[in-house]
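Atoms within a ligand are numbered from 1 in the order they appear, just like the ligands themselves.
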Amino acid sequence: MTEANPLRHVDVRLRHIIDSRDLSVEEIDLLLRTADDILARPAEYAAACAGKKLATLFYEPSTRTRLSFEAAMLELGGSILGFSSQDSSSAAKGESVADTIRIVSGYADAIVLRHPKEGAPVVAARHARVPVINAGDGGHNHPTQTLTDLMTIHRELGNLEGLTVGLCGDLKFGRTVHSLISAMVRYPGTRFVLISPQELRAPDYVLEMIRTVPGCSYEESQRMEDAMPALDILYMTRVQKERFFNEADYVRLKDSFILDTRKLRTAKPGMIVMHPLPRVNEIDTRVDQNPHARYFEQALYGKYIRMALILALLERGGVRL
Ligand code: CP
């Protein structure tokens with residue numbers, strides 16, 4: 001890479017990325033600028049990770065996170081290995097996360113882990129000899145989705161400060177929501193509008209994160225239409241079926257909020273609709289062609305920001321930390 005690579009100042013040496021606050025605002029800013037540069041000049045990075053391997057260990061289903069990490073490593077000239085379900089690994093025979101991580105530390109230069117149990121990436125980090133990246137742990141955190149979200153906001157709105165962010169849907173179990181709030185409270189003047197059914201309100205520890213930051217605020221709403229005119233971002237989420245204890249509650253709550261083009265009529269002209277995806281029913285497919293929709297661009301940005309993160313963690317591409 002060129003000497004101009006901004007990551008040369010980032011101190012992410014042999015670090016694990018477990019929580020969206022494991023990177024400082026300054027480090028996130030440098031990752032965003034690097035991702036912009038990769039997007040603009042991909043050929044410059046095409047061999048940056050030659051000879052390096054990335055393991056993707058997915059104990060839960062995924063399309064975007066696993067495949068974007070794998071595409072990211074391949075586009076950096078590296079190689080990938082891993083598994084996409086518990087059943088296709090020795091977890092099915094009872095092997096612990098700790099033992100799996102000890103073993104894979106000898107096979108790969110970095111490990112991306114998704115696991116249904118909250119805290120599994122912390123256990124993994126304790127036993128790893130290479131960087132561990134949390135790709136989603138239960139209902140807790142999803143830091144690289146947050147990097148994806150921040151890149152989307154940075155590229156589509158040009159600014160991460162003073163924004164009014166509507167978060168809609170399953171705010172209780174939605175780990176992307178918890179991660180995004182914990183990241184966005186560090187940008188001055190962020191206002192959150194939390195739109196959910198009473199039973200799917202954001203957990204108290206998440207609300208407390210907003211309350212303790214001067215200049216940040218939140219209000220709660222049960223109607224998307226009331227919130228719409230004030231929003232800079234509408235972040236839709238899926239009701240997390242896999243985290244419910246009984247099917248009846250899921251069926252009752254799953255269609256609490258459905259965004260359609262009619263509800264978007266009162267939105268500000270520049271407002272963007274985001275969604276970490278997968279979508280089920282919560283965004284009508286006719287919104288896909290609406291000028292506010294950005295969720296497919298968001299999924300693509302995820303590949304570029306993960307490329308920037310891999311470069312930083314592996315100290316590759318001329319990056320000198
Ligand atoms: N946004 C996200 O985590 O999608 P996947 O579950 O497909 O990885």
Side-chain angles (χ1 to χ4, degrees), residues 17-20 22 35 54-75 80 82-89 110-118 120-121 124 132-153 155-156 165 167-184 233-244 250 254 259 272-283 285 287-288 293-310:
I17 306 298
I18 307 300
D19 189 283
S20 49
D22 285 341
L54 180 74
T56 53
L57 312 185
F58 277 62
Y59 292 77
E60 256 194 352
S62 169
T63 296
R64 273 145 298 275
T65 310
R66 184 171 68 85
L67 297 182
S68 67
F69 261 116
E70 294 183 356
M73 190 56 168
L74 294 171
E75 290 187 29
I80 53 169
F83 52 81
S84 59
S85 72
Q86 301 212 38
D87 293 346
S88 61
S89 79
I111 296 172
V112 179
L113 174 72
R114 172 170 287 188
H115 201 283
K117 284 205 180 124
E118 296 165 15
V132 171
I133 304 170
N134 178 8
D137 60 328
H140 175 232
N141 221 275
H142 193 348
T144 67
Q145 179 63 49
T146 298
L147 289 174
T148 300
D149 299 341
L150 295 177
M151 181 169 179
T152 307
I153 298 167
R155 286 192 66 89
E156 299 294 334
V165 184
L167 297 149
C168 180
D170 184 350
L171 309 188
K172 179 180 180 180
F173 296 119
R175 59 194 173 199
T176 65
V177 168
H178 307 159
S179 277
L180 185 58
I181 290 175
S182 78
M184 289 287 303
I233 298 162
L234 174 58
Y235 191 96
M236 296 296 296
T237 63
R238 171 179 70 91
V239 175
Q240 305 270 306
K241 182 179 183 181
E242 62 275 33
R243 316 255 179 251
F244 275 74
Y250 169 71
K254 72 184 173 66
L259 179 65
I272 58 170
V273 177
M274 298 170 60
H275 191 312
L277 304 177
R279 154 180 62 185
V280 186
N281 279 333
E282 60 279 359
I283 301 181
T285 54
V287 175
D288 299 355
R294 291 292 189 284
Y295 31 92
F296 293 123
E297 289 86 347
Q298 186 182 351
L300 183 58
Y301 293 142
K303 181 180 72 173
Y304 294 104
I305 198 73
R306 289 177 174 112
M307 289 172 82
L309 182 64
I310 292 168

Determine, step by step, whether D170 and K254 satisfy the salt bridge (charged side-chain N to carboxylate O under 4.0 Å, His left out) criterion, reporting the C-alpha distance in whole Å, the side-chain angles of both residues, the deciding distance to 0.1 Å, and the verdict.
CA-CA 9 Å; D170 184 350; K254 72 184 173 66; over 6 Å; no

Is the shortest side-chain heavy-atom distance between [X] and [Y] below 4.5 Å?
X: T56; Y: M73; value: no
X: T144; Y: H142; value: yes
X: C168; Y: L234; value: yes

Only heavy atoms of [X], strictly under 4.0 Å: list the atoms of ligand 1 that pass.
X: L277; result: 1 (N), 2 (C), 4 (O)
X: Q145; result: 1 (N), 2 (C)
X: T65; result: 2 (C), 3 (O), 4 (O), 5 (P), 8 (O)
X: T63; result: 5 (P), 7 (O), 8 (O)

Return the residue, atom name and 0.1 Å-rounded distance of the protein heavy atom closest to atom 4 (O) of ligand 1.
R64 NE, 3.1 Å

How close does the nearest protein non-hydrogen atom get to atom 6 (O) of ligand 1, and which residue and atom is it?
R114 NH1, 2.9 Å

Run the contact test for E60 against ligand 1 with a 4.0 Å cut-off on heavy atoms, strictly below, and give the result.
no

When H275 is tested against each of E282, Q298, R294 for side-chain hydrogen bond (donor to acceptor under 3.5 Å, both in side chains), which residue passes?
E282

Matching residue for Q145 among D149, T148, N141 - test: side-chain hydrogen bond (donor to acceptor under 3.5 Å, both in side chains)
D149

Is T176 touching ligand 1 with its side chain, its backbone, both, or neither, if touching means heavy atoms under 4.0 Å apart?
neither

Salt bridge (charged side-chain N to carboxylate O under 4.0 Å, His left out) between E70 and R64, worked out
CA-CA 10 Å; E70 294 183 356; R64 273 145 298 275; over 6 Å; no

Could you say whether the N/O atoms of R66 and ligand 1 ever approach to under 3.5 Å?
no

Between P276 and ligand 1, does any nitrogen or oxygen pair lie at a separation below 3.5 Å?
yes

